[in-house]
There are 2 protein chains.
Amino acid sequence: MYQRVARVRDDGRMSKQPKYRQVADALRREISDGKFPPGSRLPSENDLTERFSASRNTVRSGLMQLVSEGLITSSQGLGYEVRSHEVFELNASRFENLSFPQQGDAYNTDVRNAGRHPHQTFRVELKPAPPDIAERLKVEPASTTVLRFCHRFVDDVPWSTQATYYPEWLVNKAPRLTEPGDIAEGTTRYLAGLGIEQAGYFDEISTRMPTPDETRLLEMSAGVPVLLWTRTGYADDRPIRCTLTTLRGDLNRMNYEVSALANRDESQ
Amino acid sequence: MYQRVARVRDDGRMSKQPKYRQVADALRREISDGKFPPGSRLPSENDLTERFSASRNTVRSGLMQLVSEGLITSSQGLGYEVRSHEVFELNASRFENLSFPQQGDAYNTDVRNAGRHPHQTFRVELKPAPPDIAERLKVEPASTTVLRFCHRFVDDVPWSTQATYYPEWLVNKAPRLTEPGDIAEGTTRYLAGLGIEQAGYFDEISTRMPTPDETRLLEMSAGVPVLLWTRTGYADDRPIRCTLTTLRGDLNRMNYEVSALANRDESQ
DNA sequence: TTGCTCAACTTGTTTGAACAAGCTGACGCT
DNA sequence: AGCGTCAGCTTGTTCAAACAAGTTGAGCAA
């Protein structure tokens, strides 16, 4: 039976909020007040059913709300747990090409410096350029590109995926880009040795909820968005690579350090 | 009655996916295939109930899934609509202090250049520094700061909120920061006129699901994350401001253009 | 002690029903 | 023609019940 929520009640204020939202609001408040600290467990659905005089389904609706806000997680047989946050800082404005090797190693050193254990799987493909990549690389759509793909973990927790596309003309100059394994000295350094130096890049950052594929690959729980980071690298004003990085939003933060003096001359 | 989903069925593959997920997957596929283009409406819950031979609640679970993925929206009385995307580019690496005025105006000109109509509300507060702000401004926690708050719209659609904190010592030098209205020439330019020039900044970017407050202020629908952008501005290596910007993730993309030459000298 | 089983918890999935409430167009009245 | 009402669509909220399935610890057997 439908039971209209009291319109004038509660703490005296008008509150014609639906019951499931009252549940969510109450629990959210208690979590932020520290009654349920990160890592702790919430009362079971049955307990909450009693406490709020609501059906189990209604309580579940409220809990679902908090799950999709990224505040709590649920596991069958275990209960609901308050999510604890731990972010990894990602310094994006640093240039890797002087004393630092490239990608894999920038990541490796960063992670190790943080006292964590890095791990990654690697894959190389030949692939026709997707439209957005082709546009950024200034090549024909569906023209051949080399795709170097990385799946990265920190302490065996999936952290990010990275797909770097190289245009065909560059691969002709730098054939080792098609090597199926990691390039020991780093691709940036390898390219620099061939006289192709990444002199600048253009970064685009956006966010959205993960696709089912991303959810699987990054083992993401509900209510956590991804950070999408696209870096287009240039040498002599010509695009030489385009890197799409997908980062778990709950684990990563990106940093840029920019100085006015450095940028003064290149007013866009 | 509980009815176990067929284990060997469908297209011949093992598929012991729960029914509500089958609904979500089928619809997601049809949306990405273009059967339901952005802006179009999905069949009603009743139609889907028939099509999938499931109860209305099960169909709703599947639809909820897509809503929280940010793929569709629902409106009472109207139905489910496929979300259409339109992003606004935000050039974050540009320096505003040469020929461009500050914040409000960088935003105003950007929006107008895009052929859109900007609009913002403004507020000034005196507020004790929150811990994270105090740390970034290198002042005592809870010491006095001036908070200048902006609520921004594009074509009357809520776009972002921006809160800039100035430390007390700076306000003593630049009293107009407490003026309740907009500073016509822009705060950066006003400060530069007093010999305080923002020579660099440190940006931090992260993402998460919005809080209920943010959902209300930015009129966000379910399944859309926010982009959090923290900019700490420096003059002579001393923090002079800290700006927290909350951006609707479905409407914004941030860009950084960085050149190696510019950054070569300031290896951190 | 070790190891297995199982009862008793937990959340996950599904159904059917009922009523609330927003939206739209048809119909009929003025 | 103009306007208001309302039937009939839509999604939103809530309930009660049942069975599925993951987790854990108590207790029994080897």
Side-chain angles (χ1 to χ4, degrees), chain A residues 1-7 9 14-27 36 40-68 71-83 215 219 221-223, chain B residues 1-7 9 14-27 36 40-68 71-83 215 219 221-223:
Chain A
M1 194 209 309
Y2 192 86
Q3 181 182 309
R4 198 70 200 88
V5 167
R7 281 151 213 283
R9 211 190 46 99
M14 263 283 274
S15 88
K16 58 176 193 299
Q17 290 269 312
K19 205 183 266 190
Y20 78 95
R21 205 174 305 179
Q22 294 181 24
V23 173
D25 290 347
L27 292 175
F36 301 113
S40 66
R41 264 187 48 191
L42 257 46
S44 77
E45 291 176 353
N46 277 332
D47 293 347
L48 296 171
T49 294
E50 273 194 38
R51 168 173 166 196
F52 289 102
S53 316
S55 76
R56 185 173 162 228
N57 278 337
T58 300
V59 167
R60 273 179 73 81
S61 291
L63 289 165
M64 291 301 178
Q65 174 75 30
L66 298 186
V67 166
S68 73
L71 218 61
I72 61 176
T73 61
S74 72
S75 357
Q76 194 171 12
L78 283 173
Y80 293 85
E81 184 172 313
V82 180
R83 196 196 292 280
T215 301
E219 289 173 24
S221 46
Chain B
M1 195 208 309
Y2 192 85
Q3 182 182 309
R4 199 67 201 90
V5 167
R7 279 152 213 281
R9 211 191 47 99
M14 262 284 273
S15 87
K16 59 176 192 296
Q17 289 271 312
K19 206 183 264 191
Y20 78 95
R21 205 174 305 178
Q22 294 180 27
V23 172
D25 289 347
L27 292 174
F36 302 114
S40 65
R41 266 187 46 191
L42 256 45
S44 77
E45 291 176 352
N46 278 331
D47 293 348
L48 296 171
T49 294
E50 274 194 37
R51 169 174 166 195
F52 290 101
S53 316
S55 76
R56 184 174 161 229
N57 278 335
T58 301
V59 167
R60 272 178 73 80
S61 292
L63 289 164
M64 291 302 179
Q65 174 75 30
L66 298 186
V67 167
S68 73
L71 218 60
I72 61 176
T73 61
S74 72
S75 354
Q76 193 171 16
L78 282 173
Y80 293 84
E81 184 172 313
V82 180
R83 198 195 290 278
T215 302
E219 289 172 22
S221 45

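Keep in mind that what you see is a predicted model, and the values were worked out from it rather than measured.
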Please name the pair of heavy atoms, one in A:Arg41 and one in A:Gly79, separated by the smallest distance, quoted to 0.1 Å. NE-CA, 4.3 Å
OP1 or OP2 of C:dT14 sitting under 4.0 Å from any side-chain N/O of B:Ser55? no
Which of the following nucleotides, D:dT11, D:dT13, C:dT13, is nearest to the side chain of B:Ser74? D:dT11
Checking contacts here: which listed nucleotide (D:dC15, C:dT15, D:dT10) is nearest the side-chain heavy atoms of B:Thr58? C:dT15
So does B:Ser75 get a side-chain nitrogen or oxygen closer than 4.0 Å to the phosphate oxygens (OP1/OP2) of C:dG22? no
Under a 3.5 Å threshold, yes or no: a donor from one side chain and an acceptor from the other, between A:Ser61 and A:Arg21? no
Does OP1 or OP2 of D:dA20 have a side-chain N or O of B:Lys16 closer than 4.0 Å? no
A:Gln76 side-chain proximity, nearest of C:dC23, C:dT13, D:dA20: D:dA20
With a 3.5 Å cut-off and just heavy-atom distances, do the side chain of A:Arg21 and the base of D:dG12 make a donor-acceptor pair? no
Please pick, from C:dT14, C:dT11, D:dT10, the nucleotide with the shortest atom-to-atom distance to any side-chain atom of B:Arg41. D:dT10
Does the side chain of B:Ser55 come under 3.5 Å of the side chain of B:Arg60 through a donor N or O and an acceptor N or O? no
Which nucleotide in C:dT11, D:dA17, D:dT11 has an atom nearest any side-chain atom of A:Asn57: D:dA17
Side-chain N or O of B:Asn46 versus OP1/OP2 of D:dT10: is the shortest distance under 4.0 Å? yes
How do B:Arg56 and B:Ser61 order along DNA chain C: which one's closest nucleotide is nearer the 5' end? B:Ser61
Is the shortest side-chain N to carboxylate O distance from A:Arg56 to A:Glu45 below 4.0 Å? yes
